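Computed from a predicted model, the values in this text were never measured in an experiment. Any value given below was found using the heavy atoms of this structure, including those in side chains, with hydrogens, waters and symmetry copies removed.
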Amino acid sequence: MFCNLADVVRRHGRERPDAPALIVGDATISYRELDDRSNRAAQAFASVGVGVGDRVAFVERNSIEFFDVAFALAKLGAVGVPVNWRLAAPEMGHVITDSGASVVVVGQEFVGHLETIEHELDATIVVIGNHSRWPEFDRWVAGHPAVDPGVVTGPDDLVMLMYTSGTTALPKGVMLGNTNFLCKTAGVAGPWKFDADSVSLAVMPLFHMAGFGWALAGLWEGATTVVLREVDPQAILEAIRRRGITNMLLVPAVIQSLLDTTGLVDV
């Protein structure tokens, strides 16, 4: 039984090191590699002062780096703030400043958004890609040892702040602790038919609880999780065909788009 979010990669990395954890594009990341990657990321965040309770924002589509960051922060007792990348720059600025994030990890596609609001932020900005002034995530992380910082968090400790859509007011941070994630993922093996041999598809946005919660459920059971960068019906069908997907979570609009997509009969 896992006690906190960090336990997922700590234990699978130790007990099932060579089993595939994530498949993103042509890259396959084993549980040992995910454990090591998140250890390096944790050390990188610690080097700029991130510790227990500190916030780190993440602005990027679905990617390997989302998991590196999420598990790294869990290992530090810090808090992840996944930002809806569909937001306009000022809206992103509200989420980042409201959360009190001291570091922002941003994908290349959204660098322009961060440059627009940079003057409002009191945060270190790290880019998944290239930038003339900001550190590059891969190089920044690679310069640190794959050593687990060893922080152990409790049931009520905060793990993530996921922001509401803000349809009636400004977005508000929803406080999610270890118990929230444990309750969502523990016991899904039966009703959701997950086991270590499952191949799960994570395609819904990871900044949303449905997207990350589903991906975490597969990782919790030691399954392989295939991560798609965004919702693309053809890419979903190709993943089902190529990767042998056994489990996936889709919203009705995406299911309808699959039904309308040529090639479904070939899956």
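Under a 3.5 Å cut-off, the side chain of Asp54 and the backbone N or O of Gly51 do form a donor-acceptor pair. A donor-acceptor contact shorter than 3.5 Å is absent between the side chain of Asn62 and the backbone of Glu230. Looking only at distances, no side-chain donor or acceptor of Glu238 sits under 3.5 Å from a matching main-chain atom of Ala235. The main-chain N or O of Val95 is never found under 3.5 Å from a side-chain atom of Asp98 such that the two would form a donor-acceptor pair. In this structure, the side chain of Thr164 engages the main chain of Lys172 through a donor-acceptor pair within 3.5 Å. Formation of a donor-acceptor pair under 3.5 Å by the Thr261 side chain with backbone atoms of Pro233 is not found in this model. No side-chain donor-acceptor contact under 3.5 Å links His144 to the backbone of Ala42.
Checked against side chain to side chain donor-acceptor pair (under 3.5 Å), Ser198 has the following partners two or more places apart in sequence or in another chain: Asp195. With sequence neighbours left out, Asn130 forms a side chain to side chain contact (heavy atoms under 4.5 Å, CB included) with Gln108, Glu136. Residues satisfying the ring pair (Phe, Tyr, Trp, His ring centres under 6.0 Å) test with His131, not counting sequence neighbours, are Trp134. With sequence neighbours excluded, the residues that form a ring pair (Phe, Tyr, Trp, His ring centres under 6.0 Å) with Tyr31 are His12. Considering only residues two or more places apart in sequence or on other chains, Val203 meets the side chain to side chain contact (heavy atoms under 4.5 Å, CB included) condition with Leu201, Leu228, Val231, Ile236, Leu250. Listed by chain and number, the residues in a side chain to side chain donor-acceptor pair (under 3.5 Å) with Asp156 amount to none (sequence neighbours excluded). Arg37 is linked by a side chain to side chain donor-acceptor pair (under 3.5 Å) to Asp68, counting only residues two or more places apart in sequence or in another chain.
Judged as a ring pair (Phe, Tyr, Trp, His ring centres under 6.0 Å), not a single pair has a partner in residues 149-173 (not counting sequence neighbours). Listed by first and then second residue, the salt bridge (charged side-chain N to carboxylate O under 4.0 Å, His left out) pairs that reach into residues 12-25 are Asp18-Arg32, sequence neighbours excluded. Here side chain to side chain donor-acceptor pair (under 3.5 Å) pairs that include residues 38-49, with residues two or more places apart or in two chains, are Ser38-Lys75, Asn39-Lys75. The list of salt bridge (charged side-chain N to carboxylate O under 4.0 Å, His left out) pairs with a residue in residues 1-12, not counting sequence neighbours, reads Arg10-Asp148. For residues 219-253, the pairs satisfying ring pair (Phe, Tyr, Trp, His ring centres under 6.0 Å) are Phe2-Trp220, with sequence neighbours left out.
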Practice problem: Apply side chain to side chain contact (heavy atoms under 4.5 Å, CB included) to Leu158 and Thr153, showing your working. | Solution: CA-CA 9 Å; Leu158 193 61; Thr153 56; over 6 Å; no
Exercise. Decide yes or no on salt bridge (Lys or Arg N to Asp or Glu O under 4.0 Å) for Glu109 and Arg229, but give the supporting numbers first.
Key: CA-CA 12 Å; Glu109 183 179 350; Arg229 184 166 174 80; 3.4 Å; yes
Practice problem: In sequence, state the C-alpha distance, the side-chain angles, and the governing distance for Trp214 and Phe194, and then conclude on ring-ring contact (aromatic ring centres under 6.0 Å, His included). | Solution: CA-CA 11 Å; Trp214 178 262; Phe194 266 120; 5.1 Å; yes
Quiz item: Does the pair Phe58 and Val103 meet the rule for a side chain to side chain contact (heavy atoms under 4.5 Å, CB included), with working shown?
Solution: CA-CA 9 Å; Phe58 184 89; Val103 179; over 6 Å; no
Exercise. Report the C-alpha distance between Val59 and Val104 in whole Å, list the side-chain angles of each, state the deciding distance to 0.1 Å, and finish with yes or no for side chain to side chain contact (heavy atoms under 4.5 Å, CB included).
Key: CA-CA 7 Å; Val59 188; Val104 182; 4.2 Å; yes
Quiz item: Do Phe110 and Glu60 pass the side chain to side chain contact (heavy atoms under 4.5 Å, CB included) test, and can you show the C-alpha distance, the side-chain angles, and the key distance before you say yes or no?
Solution: CA-CA 7 Å; Phe110 305 103; Glu60 171 64 311; 3.6 Å; yes
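Shown here for Val83 and Phe207, the closest heavy-atom pair between the two residues is O-CB, 3.9 Å. Closest heavy-atom contact between Met175 and Asn180: O-OD1, 4.1 Å. Of all heavy-atom pairs spanning Ala202 and Thr225, the tightest one is CB-CG2, 3.7 Å. In plain terms, the two heavy atoms of Pro82 and Leu206 that are nearest each other are CB-O, 4.5 Å. Closest heavy-atom contact between Thr116 and His119: O-CE1, 3.3 Å. The two atoms that bring Ala21 and Leu34 nearest to each other are CB-CD2, 4.2 Å, heavy atoms only.
The side-chain heavy atoms of Glu221 and Val188, taken from C-beta on, include a pair separated by under 4.5 Å.
The aromatic rings of Phe45 and Phe137 sit tilted relative to each other, their planes meeting at an angle between 30° and 60°.
Atoms CD and CG, on Glu91 and Asn84 in that order, are 8.5 Å from each other to the nearest 0.5 Å. Put simply, CD1 on Ile125 and CD1 on Ile117 are 7.5 Å apart, with the number rounded to the nearest 0.5 Å. To the nearest 0.5 angstrom, Ile245 atom CD1 is 7.0 Å from Ser200 atom OG. Note that CE of Met160 and OG of Ser99 are 12.5 Å apart. Values are rounded to the nearest 0.5 Å. Atom CE of Met204 sits about 6.5 Å away from atom CG of Leu249, to the nearest 0.5 Å. Atoms CG and CD1, from Leu22 and Ile29 in turn, are 7.0 Å apart once rounded to the nearest 0.5 Å.
Paired with Val56 under the rule side chain to side chain contact (heavy atoms under 4.5 Å, CB included), one option of Val126, Val79, Leu73 passes, and it is Leu73.
In this structure, the ring of Phe66 has its center less than 6.0 angstrom from the ring center of Phe212.
Atom CZ of Arg133 sits in a crowded spot, with more than 12 heavy atoms from other residues, nucleotides or ligands closer than 6.0 Å.
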